Asker: 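Shown below is the structure under consideration.
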2 protein chains.
Amino acid sequence: MAGYVRDEVADAEIERQRALYGPLADAVRELVDATIRTTVADEEIAAATAQVEALTARLRAEQLDGPYGVRYSASGRGRPWGNPVVGLRNAMSPPVVVERESTGRAWSDFHLGAAYEGPPGLVHGGVSALILDQLLGEATGAGGKPGMTATLTLRYRRATPLGDLRAEAWIERSEGIRTWAKGQLSDAEGVTVEAEGLFILPRWARERMAEQDRQEPTPKYFE
Amino acid sequence: MAGYVRDEVADAEIERQRALYGPLADAVRELVDATIRTTVADEEIAAATAQVEALTARLRAEQLDGPYGVRYSASGRGRPWGNPVVGLRNAMSPPVVVERESTGRAWSDFHLGAAYEGPPGLVHGGVSALILDQLLGEATGAGGKPGMTATLTLRYRRATPLGDLRAEAWIERSEGIRTWAKGQLSDAEGVTVEAEGLFILPRWARERMAEQDRQEPTPKYFE
């Protein structure tokens, strides 16, 4: 399937790109927050709008025809940089920086601010679902059982406040191409949302993996 | 609960604010997309980063102390402008513009681009969950049965391509403070994701609604 691009970008070059694009996305993320919260005068808002439009035009002078896709290199390092949860270049991502264990566990500590608000002061229920879907997918990938989400169930035990949060996920069991994972979102007081999901390795990914030299790394990211 | 602020903003003033803040968020949304897709020279990226930081500082010269919350006015019009799915001022929202029927239906046609990508060329499974959670909540609110998400289950029938999509939701049944809703996400070829959820009106909202003059509108947005 197009979009999982194996390029031959060296690790040093990846670090260079990370140091270039990470700060841009960080700056845009702050701008997203300020756009929600600003109370400056109308003329300032209008002037800012014009400046953002001009800046966007400069960045669009040369750009990819479509979305970023997922790149990976010879060392097996994936770069899902457009991803809305973990993407280094996506200002919509908190970003969630995921830690992984090859036993099939993944976790992350992160902060959610104004852009993730549903009920006043609380995390939007769908944002919790978005982040947990990613974490469950990360856990299955970390355990060598990557797949796309087939079903996902969320139980909201209590409201999740905006602020510092932790998400974690783990593989429950696996049968062939099917893997069941569980996870949870927590604040300092304990669990707020529980999730469980079934992840299935799609046929196109199985075919692609079968075609390749088994020594060659395959993408771990399906979410 | 703090954050549901009834202000006395007149409809004409709301329209004026909409015409001011909508274009700023639209511009920032385009910048988010360009930040993912740009291939301009390194110096241009660095210059853009500095400009975005300067612009953000200007907007932050006066700003709300915290997140936007949900405002509503005497006419009953809610303004969940910080919401990550439907928020007029949130550049992370596509935005989804929701149509509603008082029978308890809600639907929207919208477009998802690079910022919503999970697997290459496809909508992130968690983004589908985020949008469907909002739509189910909108349907319950439209039918006079607002609530916060208690459980949400998603079935991914096939991959959802980035592009033009439709989400719709409806109330299945309601018993007191509990309302069950269903919904689906579709592309031109048909349904890609099905959702069902249980929504419960929280105690603080019931108390708040009981305290108020019944002639006075109450907020319809809990998501």
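Within every chain, numbering begins at 1; the chains are lettered A, B, ... in the order of the sequence lines, protein sequences first and strands thereafter. Quantities reported herein were computed from a predicted structural model and do not represent experimental measurements.
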Asker: Using non-hydrogen atoms only, which part of B/Leu59 is less than 4.5 Å away from chain A: side chain, backbone, both, or neither?
Answerer: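 For B/Leu59, heavy atoms of backbone and side chain both lie under 4.5 Å from chain A.
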
Asker: Which heavy atom of B/Gly82 sits nearest to which heavy atom of A/Ile36, and what is that distance?
Answerer: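 Looking at all heavy atoms of both residues, the shortest contact is CA-CG2, 4.1 Å.
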
Asker: If you apply the rule side chain to side chain contact (heavy atoms under 4.5 Å, CB included), what do you find for A/Leu31 with B/Leu31, and how did you get there?
Answerer: CA-CA 10 Å; A/Leu31 179 60; B/Leu31 179 60; 3.7 Å; yes

Asker: Step by step, would you call A/Leu154 with B/Leu154 a side chain to side chain contact (heavy atoms under 4.5 Å, CB included)?
Answerer: CA-CA 9 Å; A/Leu154 301 135; B/Leu154 301 136; 4.2 Å; yes

Asker: For a 4.5 angstrom cut-off between non-hydrogen side-chain atoms, does A/His124 reach B/Asp133?
Answerer: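 The answer is yes; the side chains approach within 4.5 Å.
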
Asker: Can you find a pair of side-chain heavy atoms, one from A/Arg29 and one from B/Met92, that are under 4.5 Å apart?
Answerer: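 Sidechains of B/Met92 and A/Arg29: no contact.
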
Asker: Rounded to the nearest 0.5 Å, what's the gap from CD on A/Glu30 to CZ on B/Arg60? Could you check?
Answerer: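 The distance works out to 4.5 Å.
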
Asker: In a check of side-chain contact (heavy atoms from CB on, under 4.5 Å) between B/Tyr156 and each of A/Leu198, A/Leu152, A/Thr151, which one passes?
Answerer: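 Output: one option passes, namely A/Leu152.
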
Asker: Hey, which of B/Ala34, B/Gly87, B/Ala114 has the most heavy atom pairs under 4.5 Å with chain A?
Answerer: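 Of B/Ala34, B/Gly87, B/Ala114, B/Ala34 has the most heavy-atom pairs under 4.5 Å with chain A.
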
Asker: Which region of B/Asp26, side chain (C-beta onward) or backbone (N, CA, C, O), has a non-hydrogen atom less than 4.5 Å from a non-hydrogen atom of chain A, or is it both or neither?
Answerer: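 Neither part; nothing is under 4.5 Å.
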
Asker: Would you find a donor on one side and an acceptor on the other, under 3.5 Å apart, between the side chain of A/Arg89 and the backbone of B/Thr38?
Answerer: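 Checked: pair present.
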
Asker: Looking at B/Leu162, B/Val193, B/Val52, which one has more heavy-atom pairs under 4.5 Å with chain A than the rest?
Answerer: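 Most pairs with chain A among the choices: B/Val52.
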
Asker: Working to the nearest 0.5 Å, report the span between CD of B/Gln17 and CD1 of A/Ile45.
Answerer: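 Answer for the CD-CD1 pair, B/Gln17 versus A/Ile45, is 10.0 Å.
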
Asker: Do any N or O atoms from the side chain of A/Asn90 and from the backbone of B/Ala115 form a donor-acceptor pair under 3.5 angstrom?
Answerer: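 At least one qualifying donor-acceptor pair exists.
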
Asker: In terms of heavy-atom proximity below 4.5 Å to chain A, should B/Val85 be classed as side chain, backbone, both, or neither?
Answerer: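 Side chain of B/Val85 only, per the 4.5 Å heavy-atom cut-off to chain A.
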
Asker: So which residue, A/Ala129, A/Gly66, A/Ala91, ends up with the most heavy-atom pairs under 4.5 Å with chain B?
Answerer: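 The answer is A/Gly66.
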
Asker: First locate atom CD of B/Glu43, then atom CG of A/Leu20, and finally report the distance between them rounded to the nearest 0.5 Å.
Answerer: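 Here the interatomic distance stands at 9.0 Å.
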
Asker: Locate the shortest heavy-atom distance separating A/Pro84 from B/Glu117; write the atom from each residue and the value.
Answerer: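 Result for this residue pair: CD-O, 3.0 Å.
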
Asker: In Å and rounded to the nearest 0.5 Å, what is the CG to OG1 distance from A/Leu55 to B/Thr35?
Answerer: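 Spacing of CG (A/Leu55) from OG1 (B/Thr35) equals 8.0 Å.
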
Asker: Under 4.5 Å between any side-chain heavy atoms of B/Val70 and A/Pro119, yes or no?
Answerer: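 No - every pair of side-chain heavy atoms lies 4.5 Å or more apart.
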
Asker: Where is the tightest heavy-atom contact between B/Ala27 and A/Thr56, given as atom of each residue plus distance?
Answerer: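 The answer is O-OG1, 4.1 Å.
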
Asker: Using atom types as modelled and distance alone, determine if a side-chain donor or acceptor of B/Thr39 lies under 3.5 Å from a backbone N or O of A/Glu62.
Answerer: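 A pair under 3.5 Å: yes.
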
Asker: Enter the distance from B/Tyr68:OH to A/Arg37:CZ here, rounded to the nearest 0.5 Å.
Answerer: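 These two atoms lie 13.0 Å from each other.
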
Asker: Who among A/Glu44, A/Glu53, A/Arg157 has the most heavy-atom pairs with chain B under 4.5 Å?
Answerer: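 Heavy-atom pair counts peak at A/Glu44.
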
Asker: Just so I know, are the side chains of A/Gln63 and B/Val40 near enough to count as touching, which here means a heavy-atom distance under 4.5 Å?
Answerer: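 A side-chain contact under 4.5 Å is absent here.
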
Asker: Quick one: of B/Ile131, B/Leu136, B/Asp42, who has the most non-hydrogen atom pairs under 4.5 Å with chain A?
Answerer: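 Of the candidates given, the most pairs with chain A belong to B/Asp42.
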
Asker: Is the count of non-hydrogen atoms from other residues, nucleotides or ligands lying under 6.0 Å from B/Arg178 atom CZ greater than 12?
Answerer: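 Incorrect, the count does not exceed 12.
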
Asker: What part of B/Arg16 gets within 4.5 angstrom of chain A, counting heavy atoms only: side chain, backbone, both, or neither?
Answerer: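 Looking at B/Arg16, just its side chain touches chain A.
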
Asker: Heavy-atom distance under 4.5 Å to chain A: side chain of B/Ala50, backbone, both or neither?
Answerer: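 Nothing of B/Ala50, per the 4.5 Å heavy-atom cut-off to chain A.
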
